[in-house]
Amino acid sequence: MSTPARYDFDTVIDRRGTWCVQWDGVADRFGVDGLLPFTISDMDFETAPEVLTALRARLDHGVLGYTTWQQDDFRSAIAHWFATRYGTEIDTGRLVYGPSVLSQLSQLLQMWTAEGDGVVVHTPTYDGFRKAITGLGRELRGVPVEDAAALERELARADAKVLVLCSPHNPTGRVWTEAELRETAALARRHGVAVISDEIHADFVHDGHRHVPWTRVGGDGRWALISSGSKSFNFPALTGSYGIIGDPADRVEFLRRMETAEGLASPAVLSLTAHIAAYREGGPWLDAVREYVAGNLALVAERLNGAFPELAWEPPQAGYLAWIDVRPLGVDDEALQRVLIEREKVAVMPGAVYGAPGFLRLNAGCPRSKVEAGMAALVRGVRGVRAVR
């Protein structure tokens, strides 16, 4: 695949010593420093040059006082993005702001549920969802990604109050079709269940698939779409996210809680700046990085299937996270992790983190040379474990 010459994703940028969770924090999760990490879902690329230019200009102004997200530059940039990327018109009067997608999720769960209520999620489950739901004393109820009957059974339970939908799904990369989403919306309305649709991975849908925002299907049910440009454009350290809430009264209550109970009177100005630049000018960069990542995922498939044809692994429909089912290889999860960490010196997320033993989640949002090194280590690690069985 060719990538426009104006963007360089091959150059390795040293992130060590920058307080980076993926590189500097690897020992916190894996117990060893200095591993080559394929872990937390941020990318090893600079953000779009258009975003960096806007950030520098804002810093050059020199005054970084209190600011507001309720202004047309920010709101119209989001509307522009939805219109040009998804062919979807949004009502900017429904927009809200939060420090992160997970902070919005927490606030909405507190609005729409009480302790002990059931919150339905798809399994495997992003660990941030698990922590937010159980940390608030709600009961997490998982249903397999492909099991529509199980989803309906869980939504029909009397104390099921919210469905947290990851769209596209993390960690599997599954993209829901419009028909599936409409059926899910109808089920939620039928059973009086609110829907929180986390769409932070939406911009990374790969060719042959199409993301449908929840605003297109939510109708008059109780719902919220929560998202951020931080995942697509790789600026999570700036914080900042936005949401669209269906019911006007729910929107007013959400804002009240954020501004009073949470003390969110002023958002991060650099987050606003980055979002505006990304959504107005960053489309070509995003298209290029998505194409590059698709090449990385194709490389993962080539290396995995070349070494272990029984896997028949296919790249995800969305995202830069390779979700790998290693169960056909008959290797022990703990033994594989020991070999990868102690001998191969790489860190790959074990599926058990997401409630799915026997899987791995490998971050391919990085220069191709890193993917090459990671796949070589993974193949050697699996062969090493199999050799001593």
same_hphob_cluster([X], [Y]) at 4.5 Å side-chain heavy-atom cutoff:
| X | Y | result |
| --- | --- | --- |
| L136 | L165 | yes |
| V293 | I40 | no |
| V300 | M349 | no |
| I341 | L36 | no |
| W214 | V205 | no |

Determine whether a donor-acceptor pair (N or O, by modelled atom type, separation under 3.5 Å) exists between the side chain of [X] and the backbone of [Y].
| X | Y | value |
| --- | --- | --- |
| R290 | D203 | yes |
| Q337 | V348 | yes |
| D250 | D247 | no |
| W176 | C166 | yes |
| R256 | F254 | no |
| S228 | S230 | yes |
| D198 | I200 | yes |
| T67 | V269 | no |
| N305 | W313 | yes |
| T125 | H122 | yes |

(Q) Taking the six-membered ring for Trp, are F38 and W23 closer than 6.0 Å centroid to centroid? (A)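 They do not qualify: ring centres at least 6.0 Å apart.
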Q) Between H211 and Y86, does the ring centroid distance fall short of 6.0 Å? A)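 Distance test on ring centres: under 6.0 Å, yes.
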Specify the closest pair of heavy atoms between [X] and [Y], including all atoms of both residues, with the distance to one decimal.
| X | Y | value |
| --- | --- | --- |
| P267 | L272 | CG-CD1, 3.9 Å |
| G240 | Y97 | CA-OH, 3.3 Å |
| P124 | V145 | CD-CG2, 4.4 Å |
| T123 | G142 | CG2-CA, 3.5 Å |
| I245 | A224 | CG1-CB, 4.1 Å |
| L181 | V212 | CD1-O, 3.4 Å |

Are the charged groups of [X] and [Y] less than 4.0 angstrom apart, N to O?
| X | Y | result |
| --- | --- | --- |
| E344 | R383 | no |
| E180 | R182 | no |
| D287 | R85 | yes |

Give a yes or no on whether [X] atom [atom1] has more than 12 heavy-atom contacts from other residues, nucleotides or ligands under 6.0 Å away.
| X | atom1 | value |
| --- | --- | --- |
| D60 | CG | yes |
| E46 | CD | no |
| E262 | CD | yes |
| Q71 | CD | yes |

Could I get the full list of ring pair (Phe, Tyr, Trp, His ring centres under 6.0 Å) partners for [X], not counting sequence neighbours?
| X | value |
| --- | --- |
| F45 | F9, Y292 |
| Y320 | F204 |
| F308 | none |

Q: Evaluate the criterion side chain to side chain contact (heavy atoms under 4.5 Å, CB included) for residue pair T113 and L109; output intermediate values, then yes/no.
A: CA-CA 6 Å; T113 66; L109 287 173; 4.2 Å; yes
Q | ring pair (Phe, Tyr, Trp, His ring centres under 6.0 Å), paired with Y354, selected from F129, W323, F359, Y126 | A |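 Looking at F129, W323, F359, Y126, the match for Y354 under the ring pair (Phe, Tyr, Trp, His ring centres under 6.0 Å) is W323.
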Q. Hey, which of F74, W81, F82 is the one that makes ring pair (Phe, Tyr, Trp, His ring centres under 6.0 Å) with Y279?
A.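 Only one option passes, and that is W81.
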Rounded distance (nearest 0.5 Å) linking atom [atom1] of [X] with atom [atom2] of [Y]:
| X | Y | atom1 | atom2 | result |
| --- | --- | --- | --- | --- |
| L329 | L336 | CG | CG | 9.0 Å |
| I276 | R58 | CD1 | CZ | 10.0 Å |
| R157 | L155 | CZ | CG | 11.0 Å |
| C366 | D44 | SG | CG | 5.5 Å |
| L270 | L55 | CG | CG | 5.5 Å |
| M43 | N296 | CE | CG | 11.0 Å |

**Q.** Test log, rule ring pair (Phe, Tyr, Trp, His ring centres under 6.0 Å), inputs W285 and F233
**A.** CA-CA 9 Å; W285 180 89; F233 289 90; 5.7 Å; yes
**Q.** Given I324, V331, D325, the one that forms side chain to side chain contact (heavy atoms under 4.5 Å, CB included) with R327
**A.**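 Testing each of I324, V331, D325 against R327, the sole residue satisfying side chain to side chain contact (heavy atoms under 4.5 Å, CB included) is D325.
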Q: With V120 as reference, evaluate L151, V164, I133, V193 under the side chain to side chain contact (heavy atoms under 4.5 Å, CB included) test and give the passing residue.
A: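 Exactly one pass, corresponding to L151.
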Polar side chain donor-acceptor pair, [X] to [Y], under 3.5 angstrom:
| X | Y | value |
| --- | --- | --- |
| Q107 | S103 | no |
| S76 | R280 | yes |
| E199 | S197 | yes |

Q.
Ring-plane angle category for H275 and F235, please: parallel below 30°, perpendicular beyond 60°, tilted otherwise.
A.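 Answer is perpendicular, since the angle exceeds 60°.
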Q: Show your working on side chain to side chain donor-acceptor pair (under 3.5 Å) between S106 and Q110 and close with a plain yes or no.
A: CA-CA 6 Å; S106 176; Q110 292 175 72; 3.1 Å; yes
Q) Of T39, N170, T172, which is the lone residue that meets side-chain hydrogen bond (donor to acceptor under 3.5 Å, both in side chains) with R361? A)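 For R361, the side-chain hydrogen bond (donor to acceptor under 3.5 Å, both in side chains) test succeeds with only one of T39, N170, T172, which is N170.
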Q: Going by the side-chain hydrogen bond (donor to acceptor under 3.5 Å, both in side chains) test, name the single residue among H169, Q317, E146 that passes it with R174.
A: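 Single pass found, and it is E146.
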Q: Take R216 and E178 through the test salt bridge (Lys or Arg N to Asp or Glu O under 4.0 Å) and record every step on the way to the result.
A: CA-CA 9 Å; R216 293 262 290 273; E178 184 163 354; 3.6 Å; yes
Q.
Using side chain to side chain contact (heavy atoms under 4.5 Å, CB included), reason through L95 and W69 one step at a time and then give a plain yes or no.
A. CA-CA 10 Å; L95 284 170; W69 65 269; 4.3 Å; yes
